[in-house]
Amino acid sequence: MRKIFLFMLVSVDGYFEGPNHDLSWHNVDAEFSAFANEQLGDIGTLLFGHRTYELMAGVWPAPLGTMANPTTAKLMNTISKVVVSRALFNAGWNNTAVVSGDAIGGIKELKKLPGKDIAIFGSNNLLVSLMEHDLVDEFRIMVNPVALGRGTPLFAGLGKRVPFRLVGTRRFKSGNVLNYYVRA
């Protein structure tokens, strides 16, 4: 069975986005990009909520994405993508399927398919929904060396306490620290 993991950048004070969905504080450099491309190479499917999908689809298939990082753009455009949405919509980004209706059942079936792991980038509401059904196997949380003071907490909306166990750490020259967690 395939594993679902979260990869999310957060501030030191635990926000995954600043006010008004601000991500300008992300600490991204050449070392981060190399890591991101290596991680993308190990992913078979990207799992998004509708809003995060729209943001990603606005960058990576466009010339802006290719100019920013051609390798990342190629990987993002090639990998299979699944969007969980309450409403059906036309997903124009290649290799994209939309799951609506029984999203939890659809994700359970997706995990059973052969292939590489499934990654969630962003999509906090989807993440919390999947956590409530114990469908997220690993949490890769990259802490950026900045405090935002306000924004959206990583696990906003989670209705219960969830203990984690740290299983690995990686330090980056930029000051980012990537923590690997599983549920305890």
Side-chain angles (χ1 to χ4, degrees), residues 3-43 45-62 64-77 79 81 83-84 117-131 135-158 161-184:
K3 173 172 71 173
I4 293 180
F5 72 86
L6 165 76
F7 176 70
M8 187 81 83
L9 279 67
V10 300
S11 63
V12 170
D13 48 353
Y15 298 111
F16 78 91
E17 64 181 4
N20 301 311
H21 311 293
D22 176 35
L23 302 177
S24 65
W25 52 272
H26 283 183
N27 195 6
V28 176
D29 60 7
E31 183 183 24
F32 173 88
S33 293
F35 161 78
N37 291 337
E38 179 182 323
Q39 180 171 252
L40 282 168
D42 293 333
I43 295 170
T45 303
L46 291 169
L47 186 56
F48 296 118
H50 192 152
R51 185 175 48 165
T52 303
Y53 169 81
E54 293 292 338
L55 292 170
M56 296 285 194
V59 173
W60 294 114
L64 173 67
T66 302
M67 287 178 9
N69 191 320
T71 303
T72 301
K74 181 179 179 184
L75 290 165
M76 292 292 288
N77 290 318
I79 293 172
K81 293 162 279 295
V83 184
V84 176
D117 289 339
I118 303 162
I120 303 170
F121 293 171
S123 305
N124 175 264
N125 292 330
L126 174 61
L127 166 69
V128 168
S129 295
L130 295 179
M131 287 177 69
L135 291 173
V136 183
D137 303 293
E138 183 179 64
F139 301 80
R140 299 176 185 182
I141 301 172
M142 182 173 281
V143 181
N144 284 220
V146 61
L148 299 179
R150 58 193 177 106
T152 308
L154 176 57
F155 298 111
L158 187 62
R161 180 185 303 220
V162 178
F164 293 97
R165 182 169 50 90
L166 182 67
V167 294
T169 300
R170 177 175 171 182
R171 295 176 58 184
F172 289 73
K173 293 175 188 157
S174 64
N176 289 345
V177 177
L178 177 58
N179 295 312
Y180 296 83
Y181 295 96
V182 295
R183 292 177 73 146

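All values below were derived from every heavy atom in this structure, side-chain atoms included, with hydrogens, water molecules and symmetry-related copies excluded. Quantities reported herein were computed from a predicted structural model and do not represent experimental measurements.
- The shortest side-chain heavy-atom distance between Val143 and Asn179 falls under the 4.5 Å cut-off.
- Applying the side chain to side chain contact (heavy atoms under 4.5 Å, CB included) criterion to Asp117, with sequence neighbours excluded, gives Lys3, Phe5.
- Here the shortest heavy-atom pairing between Glu31 and Lys173 reads OE1-N, 2.9 Å.
- Looking at Asn27 and Met142, their side chains never come closer than 4.5 Å, going by heavy atoms from C-beta outward.
- For the salt bridge (charged side-chain N to carboxylate O under 4.0 Å, His left out) test, residues two or more places apart in sequence or in another chain that qualify with Arg183 are Asp134.
- For the pair Lys81 and Met56, the minimum side-chain heavy-atom distance is 4.5 Å or more.
- Residues forming a side chain to side chain donor-acceptor pair (under 3.5 Å) with Asp29 (at least two apart in sequence, or on another chain): none.
- The CD1 atom of Ile4 sits 5.5 Å away from atom CG of Leu130, with the distance rounded to the nearest 0.5 Å.
- Taking all atoms of both residues into account, the shortest heavy-atom contact from Val136 to Leu127 is CG2-CD1, 3.9 Å.
- Using cut-offs of 30° and 60° on the angle between ring planes, the pair Phe48 and Tyr53 is tilted.
- Taken from CZ in Arg150 to CG in Asp22, the straight-line distance is 10.0 Å, to the nearest 0.5 Å.
- Counting all heavy atoms, side chain and backbone alike, Gly149 lies closest to Asp13 at N-OD2, 2.7 Å.
- Distance check, rounded to the nearest 0.5 Å: CG of Leu23 to CG of Leu55 gives 7.5 Å.
- Taking each heavy atom of Ser174 and Pro145 in turn, the nearest pair found is O-CG, 3.9 Å.
- If you run side-chain contact (heavy atoms from CB on, under 4.5 Å) between Phe121 and each of Leu40, Leu47, Leu9, only Leu40 comes through.
- In terms of the side chain to side chain donor-acceptor pair (under 3.5 Å) criterion, Asn125 has no residue partners (sequence neighbours excluded).
- Among pairs with a residue in residues 8-39, those fulfilling ring pair (Phe, Tyr, Trp, His ring centres under 6.0 Å) read Phe7-Phe35, Phe35-Phe172, at least two apart in sequence or across chains.
- With rounding to the nearest 0.5 Å, the separation of OG in Ser11 from CD in Glu17 is 11.0 Å.
- Residues satisfying the side chain to side chain donor-acceptor pair (under 3.5 Å) test with Thr72, not counting sequence neighbours, are Asn37, Asn69.
- Taking CG of Leu6 as the reference point, atom CD1 of Ile118 lies at 13.5 Å (rounded to 0.5 Å).
- Aromatic ring centroids of Phe155 and Tyr181 lie 6.0 Å or more apart.
- Note: Arg165 CZ to Tyr180 OH = 15.5 Å, rounded to the nearest 0.5 Å.
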